Amino acid sequence: MAKKKKEEKVEMKTGFVCPECGCHIFLEDPVRGERVCARCGLVLEEEMVDLSQEWRAFDEEQKMRRARTGAPLTATKHDKGLTTEIGKTGEIFKVAPEKRAQYQRLAKWQKRLVESKDRNLSFALSELQRLVSYLGLPRQVHEEVARRYEKAVDKGLVRGRSMESVIASLVYAVCREMGSPRTLEEIEKASGVDKREIGRTYRYIARQLGMKILPASAEDYIPRFTSMLGLSDKVQARAIQILKKAKKCMVTSGKGPKGVAAAAVYIAAVLEGEKKTQREIAEVVGVTEVTIRNRFKELVEKLGISDEIERKIRELEERR
DNA sequence: AAGACGAAAGTGGTTGA
DNA sequence: TCAACAACTTTCGTCTT
């Protein structure tokens, strides 16, 4: 019984001072909606609104089910997840008869305004949805692409270009900015848009939207390439370490980042005793073996690790 | 036979006049 | 608009294991 009392009346220290007795400790009674001085019983506030939930939940699932607030606003739905419509059937009879004509005009106009832009947008966003799930992209990327696509539409940049290519190039751009770039080939495969088209659109859109167009860095490709090849974290760390050194020696400038990344992975795999063939790496990275060889040679030369490499290769052959 | 190597010719894109 | 150019690809022959 005493326990129940305590649950009902919560002792609160507030900034208030009781005008009757000078005490500053109050009891809150959520059932009656009162705030009461703990010493003299003066009622300080009546008819307080209880802002807490009136329901209880015992686990996460219940909490989700009982919460009545909706999904957060999102740019990935063409109307940000909210749909407002004038003139749903039935509504019209709540309007005074003399205003009905005006009401219907309003409904018609809203429909036209919203639909012309949004029809385009909702098509584009479902294409984006497809790409995102195909490529397994994080939510952040999804949101950001959606935001920028809307910007592009507002600026009239989509006119004369297919929205698939615009979406694809925005995905390309945002992935790169977020530090986990996809190759043009991957996006080509996922979207069905020619990679040259994606590249061209990318450059155009980037310039028009004032996005900075810094070249993709080889390091950012490493984690994905190593995991696609089933290589360990050690190889990944080693490859990144190699690239950091390489950057200082200016070996990488002007070269395609994919080729440099591929060579670094190759070297790292050899040094960590998890050697892959050049062909295997070329396959997943999307460059030829020749390019890997060229970058490989340059890296080994400039970093002065040819001895180390040769020793390791001989070691690996002996083990067989 | 498989993998690494490299020479030679071809391709697509950038740059500068 | 055109030619020069660098990076990259394709193709192919050679060498090693």
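This one's a predicted model, so the numbers in the text were calculated from it and none came from an experiment. Just so it is clear: chains get the letters A, B, ... in the order the sequence lines come, proteins before strands, and each one is counted from 1.
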- Using the test side chain to side chain contact (heavy atoms under 4.5 Å, CB included), find all partners of A/Ala268 that sit at least two apart in sequence or belong to another chain. A/Val235, A/Arg238, A/Ala239, A/Ile242
- Nucleotide nearest A/Val290 when distance is taken to its side chain, options B/dG6, B/dG3, B/dT14: B/dG6
- Testing C/dA7, B/dA4, B/dG12 for proximity to the side chain of A/Arg196, the answer is B/dG12
- Message: Measure CD1/A/Ile292 against P/B/dG6 and give the value in whole Å, please.
- Response: 14 Å
- Task: Whole angstrom is fine here: how far is it from CG in A/Leu316 over to P in B/dG3?
- Result: 15 Å
- Item | No-H, no-angle donor-acceptor pair, A/Arg293 side chain to B/dG6 base, under 3.5 Å | yes
- In terms of side-chain heavy atoms of A/Phe296, which of B/dA4, B/dG13, B/dC5 is nearest? B/dC5
- Assign A/Arg200 to base, sugar-phosphate, or nothing according to its heavy-atom contacts below 4.0 angstrom with the strands shown. nothing
- Separation of A/Lys195 atom NZ from B/dT11 atom P, in whole Å? 15 Å
- Task: Can you tell me the distance, in whole Å, between the CD1 atom of A/Ile313 and the C1' atom of C/dT16?
- Result: 13 Å
- Task: Give none if C/dA6 has no partner; otherwise give the nucleotide forming a Watson-Crick or G-U wobble pair with it, both distances under 3.5 Å.
- Result: none
- Message: Once rounded to the nearest 0.5 Å, what's the spacing between atom CD of A/Glu219 and atom CD1 of A/Ile222?
- Response: 8.0 Å
- Message: Tell me if the CD atom of A/Gln208 is crowded by more than 12 foreign heavy atoms within 6.0 Å.
- Response: yes
- For A/Thr288, report the nucleic acid contact type (base, sugar-phosphate, nothing); a contact means any heavy atom under 4.0 Å. base
- Nucleotide nearest A/Lys275 (side chain, heavy atoms from C-beta), chosen from B/dA4, B/dA7, B/dC5: B/dA4
- Item | Whole angstrom value for the distance that separates P of C/dC8 from NZ of A/Lys258 | 10 Å
- Message: If I take atom CD in residue A/Glu289 and atom P in nucleotide C/dT10, what distance separates them, rounded to the nearest angstrom?
- Response: 10 Å
- Should A/Arg295 be listed as having a side-chain N or O under 4.0 Å from OP1 or OP2 of C/dA7? no
- Message: To the closest 0.5 Å, what do you measure between NZ (A/Lys245) and CD1 (A/Ile240)?
- Response: 14.0 Å
- Select one nucleotide: of B/dT14, B/dA7, C/dA7, the one nearest the side-chain heavy atoms of A/Lys255. C/dA7
- In whole angstrom, give the distance that lies between atom CZ of A/Arg203 and atom P of B/dG13. 8 Å
- Taking CG from A/Asn294 and P from B/dC5, how many angstroms apart are they, rounded to a whole number? 11 Å
- Message: With a 4.5 Å cut-off on side-chain heavy-atom distances among I, L, V, M, F, W and Y, is there a chain of contacts connecting A/Val290 to A/Val300?
- Response: no
